[in-house]
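Encoded as structure tokens, the structure appears first; notes follow it.
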Amino acid sequence: MTECSTPSTMSGRVLICAGSDSGGGAGIQADIKAVTCLGGFAATAITALTAQNTQGVTAIHEVPLDFLAEQMRVVLDDIGADAIKTGMLHSPGVIETVARELDEHAAGVPLVVDPVMVAKGGHKLLEDRALSALKSLMLPRATVLTPNLPEASLLSGREILTVDDMRGAGDALLELGARSVLLKGGHLEGDEVVDILFTHEGVTEFSSPRIVTRHTHGTGCTTASAVAVGIAQGMATEEAIRRARAYVLAAIKTAPGYGGGHGPLNHAHTVWVGS
């Protein structure tokens with residue numbers, strides 16, 4: 001396996017607001033690894049603690065909202081951020097708290113929103129009553145929204161069964177307020193995985209051969225954080241996405257094979273670190 005090899009000078013501060021994954025494959029743990037291995041500095045505001053492994057989530061412990069706000073506040077007031085990434089925001093209160101702190105302490109900072117809803121093993125990570133808050137409070141603030149197809153379907157109210165369906169859903173998500181949408185097509189069948197970037201200026205498609213493996217835990221978190229650190233380092237959105245996709249593909253190909261379920265990626269496999 002290729003070891004993480006970062007530049008001698010760290011570049012790009014990313015504040016990650018998300019849940020913790022005790023198994024280390026997704027959530028805050030995956031976010032920190034991805035940002036670090038791509039040469040950035042990761043700070044965190046933990047929204048919830050989860051007990052999970054490669055086979056699923058067994059328990060969720062919510063962080064008190066005032067403590068979540070304090071984590072964001074002290075990091076932003078002292079260290080600052082060049083980009084912010086959100087992951088698991090499981091309740092209306094969490095979403096409202098994060099949105100308020102963003103407005104008060106990070107106005108104008110680019111925001112990557114990964115609308116985490118269901119864990120790889122099937123456990124719900126977004127309360128039903130939180131969907132409307134996610135749509136109304138986070139999507140309009142998003143510089144980049146990074147849903148997978150089930151998430152995009154819930155957010156857009158559209159069934160997505162083909163690449164053409166993806167195109168319609170992406171336009172619908174832009175209409176909800178996101179500045180750009182990276183719609184990830186990994187849930188579709190086929191030998192190629194197609195992801196599509198939607199902006200108000202146009203559409204860009206990315207494709208790569210499908211890697212047949214069960215070791216894909218944390219791909220969504222990792223992709224979003226890799227995009228966030230690229231933006232924090234001054235990359236244009238499309239360039240940040242291209243590097244993020246290359247990084248995630250390499251991490252899947254070299255996955256260590258841990259666990260009996262959906263195993264983690266090899267986050268230490270770094271590609272294309274420089275901008």
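Remember, it's a predicted structure, so these values are computed and weren't measured experimentally.
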pair [X]-[Y]: side-chain heavy atoms closer than 4.5 Å:
X: Leu76; Y: Ile84; answer: yes
X: Asp195; Y: Arg245; answer: yes
X: Val94; Y: Leu68; answer: yes
X: Ile252; Y: His215; answer: no
X: Ser225; Y: Val14; answer: no
X: Leu155; Y: Leu134; answer: yes
X: Ser22; Y: Asn53; answer: no
X: Ile196; Y: Phe206; answer: no

Between [X] and [Y], is there shared hydrophobic-cluster membership here, with clusters defined by ILVMFWY side-chain heavy atoms closer than 4.5 Å?
X: Val194; Y: Leu173; value: yes
X: Leu174; Y: Val163; value: yes
X: Val181; Y: Ile241; value: no
X: Phe67; Y: Ile46; value: yes
X: Val227; Y: Phe41; value: no

Hey, are [Y] and [X] close enough side-chain-wise for a donor-acceptor pair under 3.5 Å?
X: Gln71; Y: Thr44; value: no
X: His262; Y: Thr216; value: no
X: Asp21; Y: His217; value: yes

| message | Show, in sequence, the C-alpha distance, side-chain angles and deciding distance for Met138 and Val98, and conclude whether the side-chain contact (heavy atoms from CB on, under 4.5 Å) test is met. | response | CA-CA 9 Å; Met138 297 309 297; Val98 169; 4.3 Å; yes
| request: Could you give me the CA-CA distance, side-chain angles and deciding distance for Leu126 and Leu131, then say whether side-chain contact (heavy atoms from CB on, under 4.5 Å) is met? | output: CA-CA 7 Å; Leu126 180 75; Leu131 182 60; 4.2 Å; yes
| said: Walk me through whether Met88 and Cys17 qualify under side-chain contact (heavy atoms from CB on, under 4.5 Å). | reply: CA-CA 8 Å; Met88 178 183 172; Cys17 305; over 6 Å; no
So, [X] side chain and [Y] main chain: donor-acceptor pair closer than 3.5 Å or not?
X: Ser180; Y: Phe198; result: no
X: Gln233; Y: Leu38; result: yes
X: Lys33; Y: Gly24; result: yes
X: Ser156; Y: Ala169; result: no
X: Thr54; Y: Gly261; result: yes

| field | Audit row: Tyr247, Cys37, side-chain contact (heavy atoms from CB on, under 4.5 Å) steps and yes/no | value | CA-CA 10 Å; Tyr247 172 66; Cys37 281; 4.0 Å; yes
| task | Could I get the full list of salt bridge (Lys or Arg N to Asp or Glu O under 4.0 Å) partners for Glu70, not counting sequence neighbours? | result | Arg73
Minimum-distance pair of heavy atoms, taken over all atoms of [X] and [Y]:
X: His90; Y: Thr47; result: CE1-O, 3.5 Å
X: Glu62; Y: Leu65; result: OE2-CD2, 4.0 Å
X: Leu145; Y: Ala178; result: CB-CB, 4.1 Å
X: Ala244; Y: Thr223; result: CB-O, 3.9 Å
X: Ile60; Y: Thr50; result: CG1-CG2, 4.1 Å
X: Ala152; Y: Leu183; result: CB-CD1, 3.3 Å

Closer than 4.0 angstrom, basic N to acidic O: yes or no for [X] and [Y]?
X: Glu205; Y: Arg167; answer: yes
X: Asp165; Y: Arg158; answer: no
X: Arg13; Y: Asp82; answer: yes
X: Arg100; Y: Asp103; answer: no

Between atom [atom1] of [X] and atom [atom2] of [Y], what is the distance when rounded to the nearest 0.5 Å?
X: Arg210; Y: Glu189; atom1: CZ; atom2: CD; result: 8.0 Å
X: Ile28; Y: Ser20; atom1: CD1; atom2: OG; result: 7.0 Å
X: Asp128; Y: Leu154; atom1: CG; atom2: CG; result: 9.0 Å
X: Glu238; Y: Arg243; atom1: CD; atom2: CZ; result: 14.5 Å
X: Ile16; Y: Asp31; atom1: CD1; atom2: CG; result: 4.5 Å
X: Lys135; Y: Leu137; atom1: NZ; atom2: CG; result: 12.5 Å

List, one per line, each side-chain donor-acceptor pair under 3.5 Å for residues 104-118, sequence neighbours excluded.
{"residue": "His105", "atom": "ND1", "partner": "Asp77", "partner atom": "OD1", "Å": "3.0"}
{"residue": "His105", "atom": "NE2", "partner": "Glu101", "partner atom": "OE1", "Å": "3.4"}
{"residue": "Asp114", "atom": "OD1", "partner": "Thr146", "partner atom": "OG1", "Å": "3.3"}

| When Leu149 is tested against each of Lys184, Met166, Glu159 for side chain to side chain contact (heavy atoms under 4.5 Å, CB included), which residue passes? | Met166
